[in-house]
Amino acid sequence: MVEWQRTHTCGELREGHVGQDVTLTGWVLITRNYGRQVFVDLRDRYGLTQVVFEADDPALFEAANRVGREWVLSVKGTVRKRLEGAARENIPTGRVEVLAKAFNVLNECPPLPFSVTEFPDEEPAGEELRLQYRYLDLRRRTLQRVLALRHRMNKTIRDFLDARGFLELETPLLGKSTPEGARDYLVPSRVFPGEFFALPQSPQLYKQLLMIAGYDKYFQIARCLRDEDLRADRQPEFTQLDVEVSFAERDDILSLMEGLAAEVFRTCLGVEVPVPFPRMTYAEVMARYGSDKPDLRYGLEVVDVTDLAAESEFGVFKSAVAAGGVVRAINAVGAADKYSNTALKPGGELPKIAETFKAKGLAWMKADGDKLTGSIEKFFPEPLKAKLRERLNVKPGDLLLFVADKPEVAADALGGLRAHLGVALKLYRNWWEEKAEYDAAEEEKAKAEKRPPVPYQPRPDQFRFLWVVDFPMFAWDDEEKRWAAIHHPFTAPMDEDLPALESDPGKARAKAYDLVLNGYEVGGGSIRIHRQEVQSAVFGLLGMEAEEARKRFGFLLDALKSGAPPHGGIALGLDRWCMLLAGTTNIRDVIAFPKNQKARDLMTGAPAPVDPRQLKDLGIRPA
RNA sequence: GGGGACGUAGCUCAAUUGGUUAGAGUACCGGACUGUCGAUCCGGUGGUUGCGGGUUCGAGUCCCGUCGUCCUCGCCA
């Protein structure tokens, strides 16, 4: 085997290279045997080039005939223009081909458990199988593009923050378990049997200590680990852009992030997202959308009708109001025909969703012409119906959905219904769905017109950012009978709410903010407490005795006394960012080696039992 | 921990009301073929219907259990 090193990549050759002797290396996508020629599509992550073996050289031709899919080859040959009429305009290398003079088989490959070709009408293999053979899955062009996009995103972030004087600093993986928050992944200490490190849920405390140390602009693309149940957009280990700034107030952080988001969308998608992003208070989004991360790509807002319901004769509404509850409604515009009365009965499609969120039931009316119909209609006298129609802007064919309950339950249930209806009524389209449609049509057109296809360009209106601000400091934990931090225990209360900390903790608002994009929480942060006495007070409210606080966070309390500057920051969930940039709703699609829903790595099999001697060294006995 | 969907050839799927020997496409193997481009044509190999039990004259199909995967509620400061 001689001189197999490549001179060009498989995506490089053009008409300008015609006549040159070149060497390509890559994987065989597919071969076409035509009797007198063998065509081999050779592929690497840069592209695909057609290689031709001709029968004039019987030994070479015979050898080429044996080559199969996914073999790794090095091919020496001459670039030549394709025959008249045989050029392909849909790939950049489509006007040329390489006439092979010699080749090396760098590795053979048996038939694979699934196809990596990704032909248009080819159904992808099941995810379980793809995760088991992730190294093959990653060979697919789609995943190669996603990981390249992820690189581009990370690079943009680093360049953006570097240009503004930020330092990328690393913090430990082996740290100390902190109370509250998610379950920790623990690492046993060999030197101190029975003692454990905890892997970081985020670099939160370290970055605050860096602020106190005077590193006033910090960032890190940091791995975070939380041992909680997973979802389509949650992995046990995930990546955050962690940012912290000293002498910053909330708006400094928000506008910095707006600039960063705009830069990321510019470089990764070619989209100019409008800044600044809209802002709403937590109270407002919960009232209007029933969610702290509403998707603003569609309306379907929640409307309060408590006053009208109280005037009605409907017992369920009246008693809910009498008990201090609320009655809220959604007008599912034009959906009266889509949901039969059966689908709206208890146990039907929509009531079941409401019940998922703890609502006791779902009441409804339909607008049949200019009449309201449904079983609860009779409890509303005509003038009240008129007010209802006006409040909810009812038009013929509309479906009204009511939830009567405690404010939080009503918000959750209607928020859940809103999200469900957004999908069911097709109130919005994801940009990648429009792209898929465009691509299919454009491919056809380009082929007919013998030109390269024009790539799809996403639009700014397909990305609806939102800042949610003024979160409450605490929520009452009914199970543990105590206040729990909504953000985290280091979040500063709003200055004017400092008195409320003592008198009415539930009313105190935090200097906390979340960034929401198309219904996904893609970032969250706060201005931190930088005064020791405030931090101690908050610990106290969270039910932590002074002695315990000292034991757990003594280092932080001491540090806060030692010249801590005001500071604050944010963390962006980069996996979710990458999802939305890549056009997927599955976080595993943007992580090279993800875990499955039970947090198992199907490729390596981790987690796995270990040798008993390892456990003995660590002083651990299995349960 | 709760709810839901799914599990049939290497892969993607089909199989009527419970009814004959479980099919198709693709992959793979063999053959034909002078420009293909997911070539085409002809032929062939390939099955513990996830696993265990039950009902039945008869189970891929129905019931129970179990394992696995995904979605979701709780959970994720």
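Each chain gets a letter, A, B and so on, in the order its sequence line appears, and its residues count up from 1.
- Checking B/rC6 for Watson-Crick or G-U wobble geometry (two distances, each under 3.5 Å) identifies B/rG68 as its partner.
- Residue pairs satisfying the salt bridge (charged side-chain N to carboxylate O under 4.0 Å, His left out) criterion with at least one member in residues 110-122 of chain A, sequence neighbours excluded, are listed as follows: A/E118-A/R140.
- In this view, A/E89 and A/R95 satisfy the side-chain hydrogen bond (donor to acceptor under 3.5 Å, both in side chains) rule, not counting sequence neighbours.
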Just the atom pairs and distances: protein N or O near nucleotides 4-9 of chain B's N or O, under 3.5 Å.
none

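- For A/K360, the salt bridge (Lys or Arg N to Asp or Glu O under 4.0 Å) partners are A/D405, not counting sequence neighbours.
- Within a heavy-atom distance below 4.0 Å of RNA chain B, the residues of residues 110-125 of chain A found are A/P111, A/P113, A/F119, A/D121, A/E123, A/P124, A/A125.
- For A/K595, the salt bridge (Lys or Arg N to Asp or Glu O under 4.0 Å) criterion is met by A/E237, not counting sequence neighbours.
- The salt bridge (Lys or Arg N to Asp or Glu O under 4.0 Å) check on A/E355 picks up nothing, with sequence neighbours excluded.
- Applying the side-chain hydrogen bond (donor to acceptor under 3.5 Å, both in side chains) test to A/R528 and every residue at least two apart in sequence or in another chain returns A/E244, A/H488, A/S526.
- When the salt bridge (Lys or Arg N to Asp or Glu O under 4.0 Å) test is applied to A/K445, no partner is found at least two apart in sequence or on another chain.
- Taking the side-chain hydrogen bond (donor to acceptor under 3.5 Å, both in side chains) definition, one finds that A/Y289 meets it with A/E301, sequence neighbours left out.
- With sequence neighbours excluded, no residue forms a side-chain hydrogen bond (donor to acceptor under 3.5 Å, both in side chains) with A/E408.
- Near RNA chain B, defined here as any heavy-atom distance below 4.0 Å, there are no residues from residues 135-142 of chain A.
- Applying the 4.0 Å criterion to OP1 and OP2 of B/rA39, one finds that A/R32 has a side-chain N or O inside that range.
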